[in-house]
Each structure stands twice: as C-alpha cells, then as structure tokens.
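Read the numbers this way: they start at 1 and go in the same order the structure lists the ligands and their atoms. For the single chain, residues carry numbers from 1 onward in sequence order.
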Amino acid sequence: MGGACHSGAVEFQEVVRRRRMVRQYADRPVAPASLDRLLTNATRGPSAGFSQGTELLALDDPDDVALFWTATGAASGTHNVWLDGMRTAPVVVVPLADESAYRRRYAEPDKARDTDAEWPVPYWLVDTAMAALLILQTAVDEGLGACFFGIPAEHVDSFLAAFGVPSHLVPIGAITLGHRVADAGSPGSPDRRERRTDVIHHGRWAGPGLRDLGHVGE
Ligand SMILES: Cc1cc2nc3c(=O)[nH]c(=O)nc-3n(C[C@H](O)[C@H](O)[C@H](O)COP(=O)(O)O)c2cc1C
C-alpha cells in the first residue's frame with residue numbers, strides 16, 4: 001500500500017505475511033459487515049474474458065454450518081483434532097466454479113473462439129481460486145482467521161443437494177472463517193515442511209530441467 005494505509009486496516013505486505021490457515025476459532029460471530037466485505041472483495045478478482053463464472057455460497061446460520069459438515073461427510077459423532085477445530089468456525093463460504101459461464105462468454109462475437117477447443121487450463125477454476133485468495137486476504141485485513149480446504153470428492157453431490165446448488169457448479173473447496181484463538185487446533189503441513197526458497201527462476205531455469213533429469217527423449 002506504500003504508506004497510503006487507510007485507518008484501521010493492516011498494511012498490505014502485512015496481510016500477505018500474516019495470512020496462514022487457521023483451523024480453530026473463537027465462540028464469537030463474524031460481523032455481517034465483515035462477511036459482506038469478504039464476499040464483495042471476492043467479486044473484485046480477475047476473470048478470463050470477464051466471464052465472472054464464480055458463485056459464492058455463504059453459510060453463517062449455525063444450522064447451515066452444521067449441515068455443511070454433515071453433508072460433506074463429518075457425521076455428528078465423528079471427532080478428530082482437525083474436524084473439532086474446524087467445526088468451531090461460525091462461517092463457511094464455498095466458492096463454486098461455473099464452466100458454462102466461460103463456454104457462453106467465449107462464444108460471444110468479441111471472443112468467438114472455437115467452442116470445442118479446450119482452454120489451456122480450466123479458467124473457471126483459476127478465477128474461482130483467485131476469488132478464494134481474496135477472501136483469505138480480506139479475512140486477515142478484517143482481523144479474522146480463515147482456512148481453505150477441500151471437500152472430499154465423494155461428498156460433493158451430497159453437499160450440492162443439501163444446499164440446492166445447481167449440479168453443474170463445482171465447489172473448488174470451502175473456507176472456514178471466524179475470530180482467531182491461540183492455536184490449539186491442527187497446525188497443518190507448514191509445521192512439518194519448510195517453505196521452499198528455490199521456486200523463483202529469473203530469466204532462465206536455475207536448477208535441473210527435464211532434459212537434465214533424463215525425462216526427455218527416452
Ligand atoms: C487446494 C488446497 C487444498 C487444501 N486442502 C486443505 C485441507 O483439506 N485441509 C487443511 O487443513 N488445509 C488444506 N489446505 C491448506 C494448506 O494445507 C495450507 O495452505 C498449506 O499447508 C500452507 O499453509 P498456510 O496456508 O497456513 O501458509 C489446502 C490448501 C489448498 C490451496
């Protein structure tokens with residue numbers, strides 16, 4: 001933000017630095033204005049062709065949050081450290097990708113692409129993931145914690161049915177949100193793995209390429 005920090009907000013570099021997945025939450029609701037800001041910011045992300053094929057399901061009623069957990073496979077009697085921590089979240093947001101929005105958009109005259117041609121990568125998933133990151137970053141700026149996690153493939157249909165979501169939408173995962181507590185829940189993989197420092201390649205690939213590894217031409 002380069003010094004133009006608005007009052008009360010965390011400086012941008014701090015948002016990036018502080019963001020981490022939070023898997024345990026305080027028994028305190030998320031203010032409706034904070035939830036509104038999280039969701040609205042998610043709609044400010046980029047989208048290929050401005051297709052805007054991202055939908056957001058926000059659950060902040062305790063019954064709905066409980067239904068989310070049962071519909072995604074956590075039977076009421078199931079307990080583990082991860083689930084017990086995650087179930088303390090007062091809010092769950094599910095970002096959903098709509099491939100059909102891209103197929104429609106890219107058939108319009110200013111795009112008019114071969115509608116059978118595949119995208120280099122599924123842009124609807126790319127864009128929906130970008131929206132999810134905006135939620136995670138806004139949570140930090142709101143002084144909240146958040147965790148992005150996957151919905152097990154075998155429970156996607158029951159999740160869609162439980163909330164009346166059209167079956168062509170793909171939930172790319174889900175995000176728990178809430179106020180933070182001193183971490184007592186599952187710490188996650190960074191506890192067991194180092195952050196990689198060798199991922200940035202300036203100009204040319206530094207380190208072994210595929211050819212060096214003998215994967216090409218064999
Ligand atoms: C696509 C994706 C799926 C993830 N799935 C889970 C999950 O199922 N459970 C979980 O606790 N964390 C999940 N995470 C969070 C990662 O474990 C976490 O981002 C990673 O360990 C780095 O930690 P940090 O985000 O706290 O820096 C997921 C993250 C992404 C991007």
Side-chain angles (χ1 to χ4, degrees), residues 10-26 38-39 41-42 45-48 53-57 59 65-75 78-99 119 121-160 162-163 165 169-200:
V10 181
E11 201 264 336
F12 181 72
Q13 195 54 36
E14 276 292 293
V15 170
V16 174
R17 198 184 59 78
R18 280 196 211 166
R19 190 217 56 76
R20 55 181 285 275
M21 300 307 182
V22 170
R23 300 178 176 88
Q24 171 121 21
Y25 301 90
L38 290 158
L39 298 169
N41 279 5
S47 70
T54 294
E55 309 277 339
L56 301 163
L57 178 71
L59 308 173
V65 172
L67 178 60
F68 171 84
W69 291 112
T70 51
T72 55
T78 315
H79 289 284
N80 61 56
V81 174
W82 185 85
L83 200 51
D84 289 350
M86 292 289 269
R87 274 198 287 218
T88 59
V91 174
V92 176
V93 172
V94 183
L96 301 119
D98 182 0
E99 174 178 347
W119 278 262
V121 293
Y123 284 169
W124 43 97
L125 301 181
V126 173
D127 296 347
T128 305
M130 293 200 192
L133 181 59
L134 278 167
I135 293 176
L136 298 176
Q137 292 187 323
T138 306
V140 178
D141 200 46
E142 285 285 325
L144 299 170
C147 182
F148 182 97
F149 59 102
I151 297 177
E154 66 273 27
H155 298 304
V156 167
D157 287 347
S158 55
F159 157 74
L160 296 175
F163 294 99
V165 179
L169 299 180
V170 175
I172 65 156
I175 301 170
T176 46
L177 288 151
H179 290 273
R180 296 181 61 162
V181 285
D183 278 309
S186 167
S189 300
D191 218 36
R192 303 182 292 272
R193 294 169 62 87
E194 292 295 314
R195 186 175 297 281
R196 283 183 60 193
T197 54
D198 58 347
V199 296
I200 298 169

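- By the 4.5 Å heavy-atom criterion applied to side chains, Leu160 and Leu96 are counted as neighbours.
- On a distance-only criterion, Cys147 and ligand 1 share no N/O pair closer than 3.5 Å.
- The distance criterion of under 3.5 Å between nitrogen or oxygen atoms is met by Met21 with respect to ligand 1.
- Taking 4.5 Å as the limit, some side-chain heavy atom of Val93 sits within range of a side-chain heavy atom of Ile135.
- Here's the thing with Arg19: one of its N/O atoms is less than 3.5 angstrom from an N/O atom of ligand 1.
- Near Ser189, meaning under 4.0 Å from any of its heavy atoms, are these atoms of ligand 1: 21 (O).
- Looking at heavy atoms from C-beta onward, Leu136 lies in side-chain contact with Met21 at the 4.5 angstrom threshold.
- Between Trp124 and Trp119, the two ring planes are perpendicular [angle over 60°; tilted spans 30° to 60°].
- By heavy-atom distance, the residue among Arg20, Arg23, Arg195 lying nearest atom 12 (N) of ligand 1 is Arg23.
- Looking at Arg193 against ligand 1, nothing comes within 4.0 Å, counting heavy atoms.
- Inter-residue side-chain proximity for Tyr25 and Cys147 is flagged as met; some heavy-atom pair is nearer than 4.5 Å.
- Judged by the shortest distance from any of its heavy atoms, Gly150 lies inside the 4.0 Å radius around the atoms of ligand 1.
- Contact check for Pro46 versus Met130: side-chain heavy atoms found under the 4.5 Å cut-off.
- The structure places OG1 of Thr176 at 11.0 Å from CG of Leu144, a figure rounded to the nearest 0.5 Å.
- Heavy atoms of Pro190 come nearer than 4.0 angstrom to ligand 1 in at least one pair.
- Within the listing of ligand 1, atoms 9 (N), 10 (C), 11 (O) sit less than 4.0 angstrom from a heavy atom of Trp82.
- Under the 4.0 angstrom criterion for non-hydrogen atoms, Met86 is not in contact with ligand 1.
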